[in-house]
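A short write-up of the structure that comes next.
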Amino acid sequence: MKNRAVGMIFPLLPVLIGFYIPIVMVAIEDQVFSPESETSIVAAADLLVVLSTIRIVAMAALLATLIGLVDAILLAGTRGPLRGFILILLLSSFLIPPAALASAVQACVGASTLRATVRDEFGAVLMLSLRWAPVAAAILLAAVSMWPRAEERALRSLPPGVALVARLRGLRPAAFRCAGLLLLLLLPAAELPSYAGVETVSQRILARLTVGDAAEGWRLAMVMMTLLVPAIYFLTSSGDEPARAGHLNQVHGLPRLPWANRFLFLRVLPAVALILVLFYTAWPRASEVVIAGKELVDAVSSIGLELPRALLASVVAILCGWRLADGGHRIGLLLLCLPTMLPGSLGAIAVARIYRPFLPWWLDDLPFLLTLTQMCKLGALAAAGGFVATCVLPASERVAAHLLSPTVARWRIRLPRALPVLIPAVGIGVALVLGEVEATLLLAPPGHPSTALELHQMMHFRNDEQAARLALVLAMLGATLALMVGRCWKRGD
Amino acid sequence: MVMIRRWIWGFALLVWLVIWLNSHFSTDARSVTIYCSHDRSHSQQILDRFEKETGIVVDAVFDTEATKTVGLTERIRSEQKRPRCDVHWSNEPLRAVQLAQEGHYDTLPEGAGPGIDSRWRDAGNLWCGFAARARVVATHPESLASAAIPRSVKGLIDRSLSGKVVMADPRFGTTGSHLAILRVTLGAQRYRELLQGWKDNRIQIASSNSSSRDRVLSGEAWVGLTDTDDVEVVRRRGASIGEGFLEEDGVILLPNVVAVVKGCPHPEEANELARWLLREEVEEWLANSPSRQIPLRTEVPVMASGLSLSRFEPLEIDWSEAAGQLHEAVREAERILLNP
C-alpha cells in the first residue's frame with residue numbers, strides 16, 4: 001500500500017510543484033474562497049458561458065474525432081499513392097497559428113474581398129474540428145499500428161467494404177478516448193472561437209485578469225474543473241477492449257479503392273492550398289531577399305535551441321502519465337489531467353508569484369519555471385498516452401512480467417512495448433510546447449527564443465510576410481515531427 | 001557502431017547545452033530589460049538606436065494580442081516581489097495607470113519628457129505619456145456611412161446603421177479603455193443606456209480592433225470603432241477605408257506610457273532609457289512610422305499624411321478616475337453586450 005502511494009506521488013511531483021501547490025497558495029493569498037468575498041458565487045451568466053464552452057468543445061472534439069477516424073481508417077485500411085505524405089501535410093499545418101493562415105490569406109487575396117467565415121457556435125465548432133482532426137487521425141493511427149497481427153491479416157482477407165466497417169468497429173473504443181482527450185485539450189481554446197464571435201471560459205478568465213480581477217478568474221476556473229472531474233474520472237476507467245500487440249506494416253493485401261484516393265485528395269487539398277498561400281505571402285521581394293534569409297536562419301536556430309527543451313518537457317510529462325497509467329492510479333491520472341483544462345496564463349501567474357522570489361539567479365535566468373508549467377499543460381496528453389499504451393500490452397505479457405522484479409518489468413519490458421504509442425504522444429507534446437504562447441509570454445526570461453510568440457507579435461501588427469515566413473518554418477517542423485512519428489510506426493516496437 | 005552513435009548524440013547534446021546556456025546567461029556589464037507592448041517592428045528600431053548611442057544592451061520582451069493585453073501587465077504584477085523588468089513601455093495608458101496605483105512603478109528621473117504637458121503625465125511623476133493613438137471610426141468607402149461619418153459614439157445607435165456597426169471585444173485593449181473613459185465622461189447611468197442602445201442596434205463584436213477594421217474593409221460592417229494605427233496600416237497597403245474622429249465627444253487620445261518599475265534590477269540604466277524614450281526624436285520617429293502616432297508636443301514635426309495634436313480638440317481625461325472605473329465599465333459592457 002505504501003509502495004503504491006509512493007508510486008503515485010513521484011510521477012505527480014511535476015504537476016504538484018508546477019500547478020497544485022502554487023494555485024493553492026495563490027488562492028489563499030488572494031482569499032479566493034473567503035466568505036467575505038462579495039463575488040464568491042459565480043454569476044448565472046458565467047455559468048452559462050461555462051456550459052456553452054463545454055458544449056462547443058464537446059461537439060468539436062466529437063466532430064474532429066469523426067473526421068480523424070475516417071482519415072485513419074482510409075490511411076491504414078487502403079493502399080494508394082502518397083499515403084504517408086498526406087498525413088504529413090495534414091499534420092504540418094497544426095503548428096501554424098490559425099491567425100497566421102488568416103493573415104496570409106488576407107495578404108494574398110486582399111482583406112476587402114474576404115467575407116467573414118461562418119459565425120457563432122457552428123463556426124467555432126467547425127474551425128476547432130478542422131484544426132484538431134489531424135491530431136485525432138494521428139492518435140487513431142497510433143492505435144491502428146498496435147493492431148494484433150492475426151486480426152490485421154484476417155481483415156485483409158475480407159471484402160474491402162466489410163473490412164473498413166470492421167476497422168471502424170475495432171477503433172471505436174480508441175475513438176471515444178481520443179474524443180475525451182481532445183475535449184480536455186480544446187477546453188482552454190480562446191483564440192479560434194473568438195474569431196467566430198463566440199466567447200469561451202478561457203476568454204472570460206482572461207477578461208477578468210486583464211482588469212486585475214484574478215480571484216474571479218480563479219473561481220470560474222474552479223467551477224469548470226468541478227463540472228468536468230466526473231467526466232475525466234469516467235474517461236480514465238479501464239476499458240473492455242482486448243489487449244493488443246504487434247503490427248503489420250506492409251501494404252500487401254490492402255485494397256485499392258479509387259473513391260478513398262479521391263476522398264483523401266480532397267481532404268488534403270485545403271492544407272496544400274494554405275501552405276501554397278503561405279509560400280506566396282512569404283516569398284520575398286528582390287530587395288528583401290537578404291533580410292528574409294536572415295529571418296529564416298534566425299527562426300530555424302531559435303527552434304533548434306528550443307527543440308531539446310520542448311523534447312525534455314514532453315518526455316518527462318509523457319513518462320509521468322505512462323507511469324501512473326501503468327500503476328493503475330486513476331486518481332493520479334485525474335490530477336494529471338486537470339491543469340490542461342485551464343488557460344496557461346493562470347498557472348503561469350501562480351508559479352511566477354509563488355516561486356520566482358525564491359529562485360536563485362542562475363535558475364531564474366533559465367526557462368525552468370516555464371518548462372515546469374508547460375509540462376503541467378501536457379497532463380491530459382500524458383495521461384491519455386499512458387493509458388492507451390498500457391491498454392495495448394497483451395495480458396499474457398503483463399502476467400509474464402510479474403515474474404521479474406517490478407523495476408525490471410516496468411522499465412525493461414513494459415516501457416519498450418509502450419513506445420509505439422508514447423513516441424507519437426511525445427511528438428504531439430513537442431508541437432504543443434513549441435506552439436505555446438501564454439505561459440511563454442509570462443515566464444520566459446528576457447531574450448528566450450520563442451518562434452510561436454514572435455509569430456503572434458508579428459501578426460498583431462500585420463507584418464504578414466514575416467509572419468508567413470515564420471509560419472512556414474513551423475510547418476516544416478510539424479512535417480518533420482510527423483515524419484518521425486511515421487517512421488516510429490513503421491519500425492513498430 | 002552503437003557506441004559511436006551514442007558518442008555523437010552525447011556530443012550534440014553537449015554542444016546544444018553550451019549554446020543554450022550561453023544564450024541565457026548574458027555577460028554584458030550594462031543592460032536594461034524593457035517590457036514593451038508597442039509594435040515590435042517600430043519599437044525594436046528605436047531600442048536599437050538607444051543601444052547604439054549608449055552602449056547599454058536592451059533585453060526586450062514584447063507583448064502579443066493572443067493574450068489580450070493580459071501578458072505584460074500581469075507579468076509585472078506577478079513579478080512584484082522580485083522584478084525582472086526595468087522599464088515598462090505600454091501602448092495603452094489605463095492599465096499602466098492601474099499598475100502605478102498598485103505601487104508597481106518608481107518615480108521617473110527628474111526632467112524626463114521635457115515639453116510634454118502635465119495632462120499626459122502622472123501628478124506624482126510615476127509615468128509619462130508620449131506619442132498617442134486616437135480612437136476613430138473606420139468607414140466602408142461605398143457605404144452610406146462614408147457620406148455621413150458619425151462624429152459621436154451616440155451616432156452609432158442610429159437606426160440606419162442597425163447591424164452595420166462593429167467594435168472589438170469591449171473588455172480588452174484600447175476598446176476597454178475607451179469605454180472606461182466614456183463611463184467617466186457620461187456618468188454610469190448614461191453609459192449603461194449607451195451600451196443598451198448599441199445592443200438594441202445589433203452592434204457586432206469582433207475579436208480585436210484589427211478584426212473590426214477588416215469587417216469594415218469587407219463591407220460586413222459599415223462603421224467600426226478602432227484606432228488610428230489600425231486604419232493606417234491597411235491604408236499603406238493600398239486599401240480604401242474612411243476614417244472619422246469622434247469630435248462631438250472630444251477626440252480620445254491614448255498615449256504610449258513609459259514608467260520605471262519599482263525595485264528594478266538596473267535602476268540607473270532604467271532611468272537612462274526612460275529619459276531617452278521620452279525625447280522629442282522618439283515621438284517624431286513614431287509619428288512618421290506606419291503606426292502614425294500623434295506627438296504630444298506640438299513642436300514635433302509631422303509629415304503631411306501624419307497627425308498632429310493641433311488638429312484635434314482632445315478630450316480632457318482624468319486618468320486615475322478612468323483607470324478606477326475600468327473594472328466596472330468592462331463588467332457592465334460584458335453584462336449588456338456579451339452575456340447570453
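Because the structure is a prediction, the values reported are computed rather than measured.
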Where on A:Leu443 is there a heavy atom nearer than 4.5 Å to chain B: the side chain, the backbone, both, or neither?
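Backbone only.
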
With a 4.5 angstrom heavy-atom cut-off, could you sort out which part of A:Ser450 is near chain B: side chain, backbone, both or neither?
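Contact with chain B is absent: no heavy atom of A:Ser450 under 4.5 Å.
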
Pairwise side-chain contact, B:Arg75 with A:Leu441, heavy-atom cut-off 4.5 Å (strictly under):
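Of all side-chain heavy-atom pairs linking A:Leu441 with B:Arg75, none is under 4.5 Å.
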
Side chain to side chain contact (heavy atoms under 4.5 Å, CB included) between A:Asp364 and B:Arg84, worked out:
CA-CA 10 Å; A:Asp364 195 35; B:Arg84 194 180 238 156; 2.9 Å; yes

Any salt bridge linking A:Glu29 with B:Lys81? Criterion: basic side-chain nitrogen under 4.0 Å from a carboxylate oxygen.
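Judged by the 4.0 Å cut-off on N to carboxylate O distance, A:Glu29 and B:Lys81 do form a salt bridge.
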
Look at A:Arg353 together with B:Glu79 and state whether they make a salt bridge at an N to O cut-off of under 4.0 Å.
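Not counted as a salt bridge, because no side-chain N and carboxylate O are separated by less than 4.0 Å.
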
Looking only at non-hydrogen atoms, find the nearest pair between B:Asp59 and A:Pro446 and report the distance.
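Scanning both residues, the minimum pair turns out to be CB-CB, 3.8 Å.
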
Given B:Glu74 and A:Leu346, is the side chain to side chain contact (heavy atoms under 4.5 Å, CB included) satisfied, shown in steps?
CA-CA 10 Å; B:Glu74 251 339 290; A:Leu346 277 179; over 6 Å; no

Taking atom types as modelled and ignoring hydrogens, do the side chains of A:Glu199 and B:Asn339 form a donor-acceptor contact shorter than 3.5 angstrom?
no

Let me see the working for B:Arg82 and A:Leu359 under side chain to side chain contact (heavy atoms under 4.5 Å, CB included), right down to the final yes or no.
CA-CA 10 Å; B:Arg82 186 182 176 185; A:Leu359 275 191; 3.7 Å; yes

What part of B:Thr33 lies closer than 4.5 angstrom to a heavy atom of chain A: side chain, backbone, both or neither?
side chain

CD (B:Glu321) with more than 12 external heavy atoms under 6.0 Å:
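Enclosed: over 12 neighbouring heavy atoms sit under 6.0 Å from CD of B:Glu321.
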
Nearest-0.5 Å distance that lies between atom CG in A:Leu442 and atom CD1 in B:Ile76:
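The CG atom of A:Leu442 sits 11.0 Å away from the CD1 atom of B:Ile76.
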
